[in-house]
Each structure stands twice: as C-alpha cells, then as structure tokens.
**Q** 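Take a look at the following structure, please.
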Amino acid sequence: MTKTLKGIAASDGIAVAPAYLLVEPDLSFTKTTVADTASELARFKKATAASVKEVEQIRDSAKKSLGEDEAQVFEAHLMILNDPEFTGAIETEIKDQKVNSEAALDETAQKFIAIFEGMTDNAYMQQRAADVRDVSKRVMAHLLNKELPNPAAIDHEVIVVAHDLTPSDTAQLNKQFVKGFVTDIGGRTAHSAIMARSLELPAVVGTDSVTKDVENGQTLVVDGLNGDAVVEPSDEQVADYKQKSEAFLAQKAEWEKLKNEPSVTADGKKFTIAANIGTPNDMQGVNDNGAEAVGLYRTEFLYMDSKDFPTEDQQFEAYKEVIEGMHGKQVIIRTMDIGGDKHLDYWDLPDEMNPFLGVRAIRLSLKNEDIFRTQLRALLRASAYGKLGIMFPMIGTLNELRKAKAILAEEKAKLTSDGVKIGDNLEVGMMIEVPAAAVLADQFAKEVDFFSIGTNDLIQYTMAADRGNDNVSYLYQPANPSVLRLIKHTIDAAHENGIWCGMCGEAAGDSTMFPILLSMGLDEYSMSATSILRIRSLMREFNTEDIKELANKACYISETAEENEQLVADLMNKVDK
Ligand code: PEP
Ligand code: MG
C-alpha cells in the first residue's frame, strides 16, 4: 500500500531506492537458571561463532567500500570475540552460576566495560569499552535470533531509514550506495541534515514514524525538495518523481553556469559567497560550486572521525590541506564545537540534563586547555600556508573571548620564539550564536576582526526551541522580527566598528532570508556548497537600492515571521516581472 509521509525537507534532490532500516532491535532478555549447562555452553559458542563469521564479512565489505582505516574497528571486535579472557569469563559464569547465556554475557560485558571506562588516563583503553559494548550486542542478537543493522556492509543502492542519524552514523555511510535518508526525528539544522547537504544526499527528516511505516527492501521515494517520503509508490508516482528530479537537475545545470562568475547584485555590488565544510574531503564540492571562501570549517568532525584525539600534526595537515586548497582565498576555521549533539566515543564527558545549554564548544575548550592549545598550535602553524581566520564558537561573554584570545596569544608567542612561521594576515573572529553576544555585539566588535552569525543556534537560543526537535520546529523562525533585530544589530555593530560580518548558519543559504540579509548589508554568506550557485543566481536579480527599506520593515514594522515571508514573496514576484 502506498503511503506518503510528511517531514521536513532537509537536503535537496529526489531519490528512489529500496529502504534500509538502520534500527536496532529490542535486545532485552529474562535472566533464567539452566539445568543443562553443557547445552547452554554449546548455545553460547554457536552464537559466538556466528558473530565471528558475521564480523569477518562486515570487515571485508567495509574494507572494500570504506577503506582499511574504517574497517580497523572490526579487527578490534574480532580480537574481543576470540579473546579467551572474555569468552572464558562468560563460560565460567554459565557453568558456575547456572545462568542462561544472555545473563552471563550481559554481566561479564558490564564488568569489562566498567574496567575499561575506569582507565580515565588511557583513552585507548577507554575506547575498548565501546568495542565490548558493540561485540556483546552482536552476540546477544544471535542468542535472541534478532538481526542487527550493518551499515558498513551495504553493497547496493538504498535509502537509509533511521529514528535519527548521529553525525558519526552519517560519516559511516557509503556514498556510493546510500542515495538518501529519511528519519523519524530531527530538523533542518540538525547536524545530520547539514551533513546530508554537504554530501549532496536528498534527505527528509522529522517524519515521526518512517521507521514503523516502511520495511526493509520496500521501495521508498525521498523528495528532499518538498519534505515527502513515499512508501511503495505507484508506477505513475515513480515516473512523476523521475520527471521532477530531472527538472531539478536541469535547474542545477543552469546555476552551474555561474560557477566562475562573481557574486554581485544587479547594480554591481560585490559580496562574498562562501562554503561551510566538515572535512578536507568537502573541498571538491567547494571548488565545484565556485565558493569564494570557506566561511566555516567545523573541526569537530576531525575529532569525531578519529579513534582518539587527533594529534597536533594530524590537525595541522588537515587545516593546511584546506587552506592550500583555497589558493589564497580566506578559510575560517572554527575551534572544536563538541557537546550538544556532538560526542566523542573516546572522551567520556559527564551526562548533562540540557547538553545544548551545557559544557559545549568554547566552554569545553576553556575547561580542557591542553586539548584547546593543541588545536590552536595546529591552526597557527597552518596559517602560514594561506589566508586563515580562527573563529571561536558559542562565545557568550567578553571574559570567555578574552580568555580564548589570551591562550591563542600565548601559543603564538611560544611558536614564534621557536622560529615557527605564522601567517601575516591571520584574523581572529567569533561566532554570534548566543543571544547575549548579539546584544553586546557593539562591545565584542572592538575585540575581534570579524563576526560570523550562527543562526542555527542563535534561533534555537532566542526562541528557546531545540533545533533538532520537530515538535517545536514551528518556533524555529529565521524571519521572526526578534531574530532579525539581533542579526541587524550585529551587522550594524560590526560596520560601526570597522569589521566585517558574515553568517554561517543555515539562514545564509535560505532564499527567503536572502533579500533581508542583503538589505542589512551582510558582507559574507557561508552555506552548504550545494546552495552557493542558487544564492549567487538570486543575488544577481536584486538591486540594492530597491530593497533599501526592507531591513527596517522586516525588523520594526512586521510583527511575525509569516509577515516577513509574505513581504519577501511579494518582492520576488516584482523581481520576476
Ligand atoms: C550555527 O549555530 O548556526 C552554526 C553555524 O554552528 P553549528 O550548526 O555547527 O552549531
Ligand atoms: Mg552553532
């Protein structure tokens, strides 16, 4: 039966393929006593042998599709499955305590995990806790006759269906076969959606129920333009979607003609359209889409994609690769923004009631100076290879900014006295994403070289609406006059103090927001690389004189976001004529 699910359009494009459910089965069990321990031992051994075979298969296909490095984790899993200390402890538990295999496995695994997690001074051993957890899950699934999803083993075209996708899940997906994804929860600015845009994968998020409405292998359409997911579409629907997809691709081809054209308005005013990236691998998309700068390099993915903290040299190489890849155009690299919905397997941080309001981004860096200093040194060294801007995320107070800048200055002085070359045109800036910083933008502007407005968080914190929670997505209003006033105040404060102001939140690539931001005089628009040519094309339609009044109207006369959306729609109608 065909079923259409409504969600949020998170990444442009349309795809049709069989569904692949990335959903964990229920692995709960009941502890029982067993009389026949010999046959229970045999049952455990059978489950372990089946797990070994399965992990070997996954390792082999991961090697082929993802590469040796990504496949390493499965070697670690095999070591645990073949480790007599681990399996022997479970077998002893079955024999001595006369309990079923599930209980023996669970109790033994918990003990091993506690020991590994207790080794707080050894990040490598702490990581083994995650391996034990993964391995026991697999053996448990075999004992309970349940199937675990194996994303690393996907070897045919699929659309991934999940409750939610963490950034590390997204990073593990093989782009050759994954044609799009659909989730139960999440909003347009959730990090999974941002990753989908940088991978150019069509995505629909926040459907509420896709994991319940579709089964493995059923045909699924992802319409990332309208936010629809269609389960078991009719032949007519498939033909219709194919046509829509072709129209979208034709439109993209038109935009592509602007790749080497400057970003100018109809009256010749020049602005910068930049790209947001997550890893040096995104540089291809940056150059293919004619970005004039990198306005945001989210370095946390470098930490999230490693098994341990990346070393100063590893970071230096990644930053240098991006800086050199831009051939003299500016690259803004943001210091790590861990916390919120971004975690590291190898860094066991305390659970928080409200992670987005907790120890996140610069707060975490200032609490862990050694990790912060390593990153700053790598950045300073890389600055010699082009035009770098270092940017601090989540700054809320001047004290935080001053502390971060002082640490940066100390590291710079140390490197200089060691004879290390630092770039001459290094800039230091901050994100404006905490409302307190936007309100005091006039004071912050005196202490930095640039601002970059992070609307994803600025809206979340201004409207008190979780950016990933679709139940409050109606409050996620970039065009709300309250948000616009903060943005305008920030841009004005920057200009009054002689610094430039960019925006790297998703609103910078939003067609409705664009004329309002242009009217405010925003200098740099940084967005997913795939949005660049659409915005460049739009920019060429506007004459700045004609929209001079728009900013004030949108901030001070309009009362709602809807009024502003209408204001822009009317304006576009006029521009089109
Ligand atoms: C933002 O908050 O707008 C931003 C660009 O940062 P991130 O999405 O990484 O939190
Ligand atoms: Mg942010």
Side-chain angles (χ1 to χ4, degrees), residues 11-13 167 170-171 175 189 191 193-203 252-264 270-302 304-305 315-335 337 379 382-383 385-391 393 423 425 427 429 431 450 452-454 456 500 502-510 514 522-539:
S11 177
D12 285 349
T170 323
K175 287 81 201 177
T189 55
H191 285 104
I194 293 172
M195 288 284 280
R197 284 195 286 282
S198 81
L199 296 170
E200 296 198 41
L201 283 178
K252 261 179 93 172
E254 270 306 302
W255 291 334
E256 258 156 44
K257 294 183 186 150
L258 295 175
K259 183 180 152 183
N260 298 312
E261 298 298 320
S263 303
V264 285
K270 171 108 191 54
F271 296 88
T272 304
I273 304 189
N276 292 348
I277 64 167
T279 82
N281 295 340
D282 296 339
M283 288 306 287
Q284 175 87 35
V286 171
N287 289 314
D288 286 353
N289 288 286
E292 293 157 312
V294 168
L296 168 65
Y297 174 1
R298 289 183 165 95
T299 58
E300 49 278 8
F301 292 111
L302 188 63
M304 292 164 73
D305 288 346
Q315 294 191 50
F316 164 72
E317 290 300 336
Y319 305 154
K320 176 168 163 266
E321 185 179 338
V322 171
I323 293 169
E324 287 186 332
M326 287 309 282
H327 307 287
K329 294 178 200 153
Q330 189 170 41
V331 175
I332 307 291
I333 305 187
R334 177 175 79 181
T335 61
D337 182 359
L379 285 167
S383 71
Y385 294 83
K387 190 160 185 256
L388 175 66
I390 296 178
M391 174 159 78
N425 41 22
E427 289 194 332
M431 293 200 59
F450 65 89
S452 185
I453 304 172
N456 306 342
W500 63 270
M503 177 178 287
C504 58
E506 290 301 311
D510 178 319
F514 178 73
L522 184 74
D523 302 291
E524 187 220 52
Y525 303 75
S526 193
M527 58 197 72
S528 307
T530 49
S531 298
I532 290 176
L533 296 174
R534 173 172 48 81
I535 294 293
R536 183 169 294 156
S537 154
L538 195 57
M539 187 182 279

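We use all heavy atoms of the structure for the numbers below, so side chains are in, but hydrogens, waters and symmetry mates are not. Here the structure is a predicted model, which is why all the values come from computation and not from measurement.
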**Q** Test side chain to side chain donor-acceptor pair (under 3.5 Å) on Glu427 and Gln330 and set out the steps.
**A** CA-CA 10 Å; Glu427 289 194 332; Gln330 189 170 41; 3.1 Å; yes

**Q** Would you check if Met503 and Met431 make a side-chain contact, meaning some heavy-atom pair closer than 4.5 Å?
**A**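 Not touching, per the 4.5 Å side-chain cut-off.
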
**Q** Heavy atoms, side chains only, cut-off 4.5 Å: are Thr335 and Leu379 in contact?
**A**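 In short, these two side chains touch, coming nearer than 4.5 Å.
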
**Q** If only side-chain N and O atoms count, and only distance matters, is there a donor-acceptor pair under 3.5 Å linking Arg197 with Thr530?
**A**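 No donor-acceptor contact under 3.5 Å links the two side chains.
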
**Q** Strictly distance-based, threshold 3.5 Å: is any side-chain N or O of Arg534 a donor or acceptor partner for the main-chain N or O of Asp510?
**A**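 Side chain of Arg534 to backbone of Asp510, a donor-acceptor pair under 3.5 Å: no, none is there.
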
**Q** Drop me the distance from Asp288's CG to Met283's CE, to the nearest 0.5 angstrom.
**A**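 Rounded to the nearest 0.5 Å, the CG-CE separation comes to 10.5 Å.
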
**Q** Does a side-chain heavy-atom distance below 4.5 Å link Val294 with Val286?
**A**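 Counting from C-beta outward, Val294 and Val286 do come under 4.5 Å.
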
**Q** Hey, are the side chains of Phe450 and Glu524 touching, using non-hydrogen atoms and a 4.5 Å cut-off?
**A**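 Heavy-atom side-chain distance check fails, nothing below 4.5 Å.
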
**Q** Would you mind reporting whether Lys270 and Glu292 have side-chain heavy atoms less than 4.5 Å apart?
**A**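 Yes; the side chains approach each other to less than 4.5 Å.
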
**Q** Using a 3.5 Å distance criterion without hydrogens, assess whether the side chain of Arg298 forms a donor-acceptor pair with backbone atoms of Arg334.
**A**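 Looks like no, no N/O pair under 3.5 Å.
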
**Q** Under the side-chain contact (heavy atoms from CB on, under 4.5 Å) rule, what do Ile333 and Leu296 come out as? Steps first, then yes or no, please.
**A** CA-CA 6 Å; Ile333 305 187; Leu296 168 65; over 6 Å; no

**Q** Could you tell me whether the side chain of Ser526 and the main chain of Cys504 form a donor-acceptor pair under 3.5 Å?
**A**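 Answer holds: no.
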
**Q** For the residue pair Ser528 / Asn276, report whether a side-chain donor-acceptor contact shorter than 3.5 Å exists.
**A**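 Note: Asn276 and Ser528 side chains miss the donor-acceptor criterion.
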
**Q** So does Gly509 get a backbone contact from the side chain of Ser531, meaning a donor-acceptor N/O pair under 3.5 Å?
**A**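 No, Ser531 side chain to Gly509 backbone: no donor-acceptor pair under 3.5 Å.
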
**Q** Just checking Glu261: does its CD atom have more than 12 heavy atoms from other residues, nucleotides or ligands closer to it than 6.0 angstrom?
**A**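 Yes.
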
**Q** Output every pair passing side chain to side chain donor-acceptor pair (under 3.5 Å) with a member in residues 319-328, not counting sequence neighbours, ordered by first then second residue.
**A**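 Sorted result for residues 319-328: Gln315-Tyr319, Tyr319-Gln375.
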
**Q** Does a side-chain heavy-atom distance below 4.5 Å link Lys259 with Ile532?
**A**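 Not in contact.
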
**Q** Any side-chain heavy-atom pair from Thr272 and Tyr525 closer than 4.5 angstrom?
**A**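 In short, these two side chains do not touch, never coming nearer than 4.5 Å.
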
